[in-house]
Amino acid sequence: LTSERYGVQRLPFSHVSDSDLTFFEHLIPGRVITDPDELRPFNVDWLQSVRGCSKMLLRPRTAAEVSEILRYCNKRKLAVNPQGGNTGLVGGSVPVFDEIIISTALMNQVISFNSVSGILVCQAGCILENLNQYLEELDFIMPLDLGAKGSCHIGGNVATNAGGLRLLRYGSLRGTVLGLEVVLADGSILNCLASLRKDNTGYDLKQLFIGSEGTLGIITAVSILCPRKPKSVNLVFLGSPFYILIETSGSNSAHDEEKLNNFLEHVMASGLVTDGTVATEDKKIKMLWSLRERITEALTHDGCVYKYDLSLPVERLYDLVIDTRARLGKTAKNVVGYGHLGDGNLHLNITAESYSHSLLNAIEPFVYEWTAQYNGSISAEHGLGFKKKHYIQYSKPQEAVLLMQQVKAMLDPKGILNPYKTLPASS
Ligand code: FAD
Ligand code: MLT
Ligand code: ZN
């Protein structure tokens with residue numbers, strides 16, 4: 001029983017009935033999945049740590065279809081779980097109980113690209129890597145990149161406000177996303193799909209949906225500012241007690257190389273770096289990045305993974321790894337720290353042979369308290385989802401949490417959108 005496994009009670013939502021099935025089959029014929037075998041991968045998260053028991057997956061193609069679906073679900077009080085590529089790491093992308101899964105997988109069309117402004121408008125279900133390939137042919141790139149690029153959807157990226165490997169260079173989605181189209185819980189379509197660099201007319205509503213993890217609306221299209229494909233890229237892989245990857249991207253290779261060489265001479269002479277390699281050709285660059293990008297996957301082969309995603313002052317970044325290692329001793333298999341140094345973002349991962357309550361109790365709330373004492377964030381880039389919603393108060397004051405709950409209640413009064421996620425239930 002889910003309530004026993006997770007200590008959560010199912011809220012009094014309706015159960016999917018035969019007449020609901022008839023309605024959806026009529027609305028999106030052939031795109032209603034109820035076969036238990038087909039549903040299985042959509043019910044379990046990427047880490048295989050959270051499992052729901054949804055009996056229905058819907059695959060709309062347009063915002064109008066999403067609108068009809070939500071209008072109906074809201075009226076019938078049927079809970080829904082928006083899902084993109086299902087690569088989320090906090091259990092937000094899969095149902096907890098029997099929520100209807102609404103997948104954006106078939107909403108995968110580029111709507112427009114302006115090669116003067118670099119503004120791309122596309123549907124939410126476009127896979128990040130496909131968008132990047134599409135843009136590269138036009139001499140542009142996506143402003144974000146992450147290890148899950150082959151599966152994650154741009155809508156999921158926006159819904160989680162994903163950070164990733166290019167954030168230091170091109171900024172966060174809060175800056176590069178120029179507009180969104182969102183379907184609200186009652187089915188109304190909010191068209192804020194502006195393709196403007198500047199727009200100060202009233203409140204910036206799209207920001208509410210960036211990082212809202214499917215709890216305030218379903219993102220159906222995204223307008224995003226894309227940088228030019230850099231003419232010169234250098235990647236350096238350096239080692240001392242730690243390994244670091246630094247990528248430079250610019251427009252003049254001679255100039256970039258000169259600057260990089262000056263930097264390398266400096267760090268080698270200072271003894272900070274003991275070894276390293278430089279890559280300029282695409283194949284070697286990709287190979288080196290894959291070492292970094294596949295850490296997440298590698299850890300899953302080491303056993304059960306307890307995953308933390310923290311923002312900390314850069315000078316404190318690794319102290320938590322050392323303190324956690326000392327605290328857990330032999331009860332953990334490995335305590336690993338990696339992340340995005342330039343962003344002050346530590347990924348603290350603890351592996352063990354199997355899941356244990358006592359190990360979890362030794363980690364939490366220790367990790368959150370440690371982070372809070374340095375005014376860090378307990379969710380730097382992955383979101384709160386199902387796993388971390390009860391720890392929000394370590395990074396946000398009570399007044400902020402209350403306001404978030406009020407916004408949620410206003411936009412989704414029946415609470416049908418991704419229930420049990422992101423925010424603790426309001427008292
Ligand atoms: P899903 O996992 O399907 O969903 C994530 C959340 O968004 C859920 O709450 C879901 O309900 C909601 N959602 C999805 N689509 C929509 C929509 N259209 N409208 C409203 N809500 C929606 N994250 C980083 O920030 N940086 C990284 O470097 C990074 N690297 C990763 C590497 C790997 C190997 C993996 C597995 C994950 C990584 N992630 C990283 C986690 C990251 O959150 C996701 O990869 C990605 O942003 C989620 O996109 P998705 O389409 O898979 O969304
Ligand atoms: C990463 O930086 O590799 C991702 O955020 C995924 C992870 O934390 O493992
Ligand atoms: Zn990361």
Side-chain angles (χ1 to χ4, degrees), residues 42 44-48 50 52 60 63 66 70 80-96 99 101-105 107-108 123-129 144-167 172-173 180-185 209-222 245 289-300 305-311 336-343 345-349 379-389 417-422:
F42 300 93
V44 64
D45 70 329
W46 189 90
L47 285 169
Q48 309 225 340
V50 180
V66 175
L70 284 188
V80 303
N81 173 203
Q83 191 178 88
N86 195 11
T87 65
L89 297 172
V90 287
S93 53
V94 289
V96 179
E99 299 88 273
I101 303 168
I102 303 180
S103 166
T104 52
M107 303 181 64
N108 56 5
Q123 283 190 300
C126 291
I127 291 174
L128 179 61
E129 190 169 42
L144 77 160
D145 186 23
L146 39 139
K149 65 186 127 214
S151 307
C152 64
H153 297 183
I154 189 66
N157 299 147
V158 173
T160 54
N161 188 20
L165 310 167
R166 290 182 184 160
L167 187 134
S172 103
L173 287 172
L180 292 178
E181 176 188 66
V182 183
V183 180
L184 302 180
F209 299 94
I210 301 176
S212 66
E213 302 182 73
T215 62
L216 298 181
I218 298 191
I219 298 164
T220 47
V222 176
L245 275 171
W289 268 121
S290 79
L291 291 175
R292 165 65 183 82
E293 288 177 22
R294 298 186 67 190
I295 297 173
T296 318
E297 184 190 337
L299 282 163
T300 63
V305 186
Y306 300 79
K307 198 170 255 303
Y308 299 90
D309 163 40
L310 313 156
S311 272
V336 180
Y338 58 100
H340 312 275
L341 183 66
D343 308 339
N345 181 184
L346 172 72
H347 293 312
L348 172 73
N349 284 238
S379 168
E381 60 171 10
H382 296 163
L384 295 164
F386 180 58
K387 292 185 180 175
K388 313 224 159 137
K389 66 170 186 172
L417 284 168
N418 228 0
Y420 324 105
K421 315 276 175 62
T422 309

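Just so you know, ligand 1 is whichever comes first in the structure, and atom 1 is the first atom listed for that ligand.
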*Of all the non-hydrogen atoms in the protein, which one sits nearest to atom 9 (O) of ligand 2, and at what distance?*
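That would be Y338 OH, 2.5 Å.
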*Which protein heavy atom lies closest to atom 6 (C) of ligand 2, and at what distance to 0.1 Å?*
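For atom 6 (C) of ligand 2, the nearest protein heavy atom comes out as T296 OG1, 3.3 Å.
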How long is the straight-line distance from [atom2] of [Y] back to [atom1] of [X], given to the nearest 0.5 Å?
X: I219; Y: I154; atom1: CD1; atom2: CD1; result: 9.5 Å
X: Y338; Y: T296; atom1: OH; atom2: OG1; result: 4.0 Å
X: T300; Y: R294; atom1: OG1; atom2: CZ; result: 10.0 Å
X: L417; Y: I102; atom1: CG; atom2: CD1; result: 8.0 Å
X: T160; Y: H382; atom1: OG1; atom2: NE2; result: 8.5 Å
X: L167; Y: D343; atom1: CG; atom2: CG; result: 4.5 Å

Side chain to side chain, [X] and [Y], heavy atoms closer than 4.5 Å:
X: E213; Y: V90; result: yes
X: V158; Y: F209; result: no
X: L128; Y: L146; result: yes
X: P95; Y: I101; result: yes

_On a heavy-atom basis, I'd like to know which of K307, R292, E293 is closest to atom 1 (C) of ligand 2._
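Among K307, R292, E293, the closest heavy atom to atom 1 (C) of ligand 2 belongs to R292.
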*Do N157 side-chain atoms and C152 backbone N/O form a donor-acceptor pair below 3.5 Å?*
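No.
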*Exam field: side chain E381 to backbone G164, donor-acceptor pair closer than 3.5 Å*: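 Yes, the answer is positive, given that a donor and an acceptor are paired below the 3.5 Å cut-off.
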*For the Zn ion (ligand 3), which protein N/O/S atoms are closer than 2.8 Å?*
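Only H340 NE2, H347 NE2, E381 OE2 fall inside 2.8 Å of the Zn ion (ligand 3).
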*Under 4.0 Å to a heavy atom of H347 - the qualifying atoms of ligand 2, by number*: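 The atoms of ligand 2 under 4.0 Å from a heavy atom of H347 are 1 (C), 2 (O), 4 (C), 5 (O), 8 (O).
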*Could you see which bit of L89 sits under 4.0 Å from ligand 2, with heavy atoms only: side chain, backbone, both or neither?*
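Answer for L89: side chain.
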*Is any N or O atom of H382, backbone or side chain, closer than 3.5 Å to an N or O atom of ligand 2?*
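N/O-N/O distance below 3.5 Å exists for this pair.
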Mind listing the N or O contacts between ligand 1 and protein, cut-off under 3.5 Å?
residue: ligand 1; atom: 2 (O); partner: T87; partner atom: N; Å: 3.0
residue: ligand 1; atom: 2 (O); partner: G88; partner atom: N; Å: 2.7
residue: ligand 1; atom: 3 (O); partner: G84; partner atom: N; Å: 2.7
residue: ligand 1; atom: 3 (O); partner: G85; partner atom: N; Å: 3.4
residue: ligand 1; atom: 3 (O); partner: N86; partner atom: N; Å: 2.8
residue: ligand 1; atom: 9 (O); partner: G92; partner atom: O; Å: 3.2
residue: ligand 1; atom: 9 (O); partner: E213; partner atom: O; Å: 3.1
residue: ligand 1; atom: 9 (O); partner: N418; partner atom: ND2; Å: 3.3
residue: ligand 1; atom: 11 (O); partner: P82; partner atom: O; Å: 2.6
residue: ligand 1; atom: 11 (O); partner: N418; partner atom: ND2; Å: 3.0
residue: ligand 1; atom: 18 (N); partner: I219; partner atom: O; Å: 2.9
residue: ligand 1; atom: 19 (N); partner: I219; partner atom: N; Å: 2.9
residue: ligand 1; atom: 21 (N); partner: G214; partner atom: N; Å: 3.4
residue: ligand 1; atom: 25 (O); partner: G163; partner atom: N; Å: 2.8
residue: ligand 1; atom: 25 (O); partner: E381; partner atom: O; Å: 3.2
residue: ligand 1; atom: 25 (O); partner: E381; partner atom: OE1; Å: 3.3
residue: ligand 1; atom: 26 (N); partner: G164; partner atom: N; Å: 3.3
residue: ligand 1; atom: 26 (N); partner: E381; partner atom: OE1; Å: 3.2
residue: ligand 1; atom: 26 (N); partner: E381; partner atom: OE2; Å: 3.1
residue: ligand 1; atom: 45 (O); partner: T87; partner atom: OG1; Å: 2.6
residue: ligand 1; atom: 47 (O); partner: N157; partner atom: ND2; Å: 3.0
residue: ligand 1; atom: 47 (O); partner: T160; partner atom: OG1; Å: 3.0
residue: ligand 1; atom: 51 (O); partner: G85; partner atom: N; Å: 2.8
residue: ligand 1; atom: 51 (O); partner: H153; partner atom: N; Å: 2.8
residue: ligand 1; atom: 52 (O); partner: G85; partner atom: N; Å: 3.3
residue: ligand 1; atom: 52 (O); partner: N86; partner atom: N; Å: 3.2
residue: ligand 1; atom: 52 (O); partner: T87; partner atom: N; Å: 2.8
residue: ligand 1; atom: 52 (O); partner: T87; partner atom: OG1; Å: 2.7

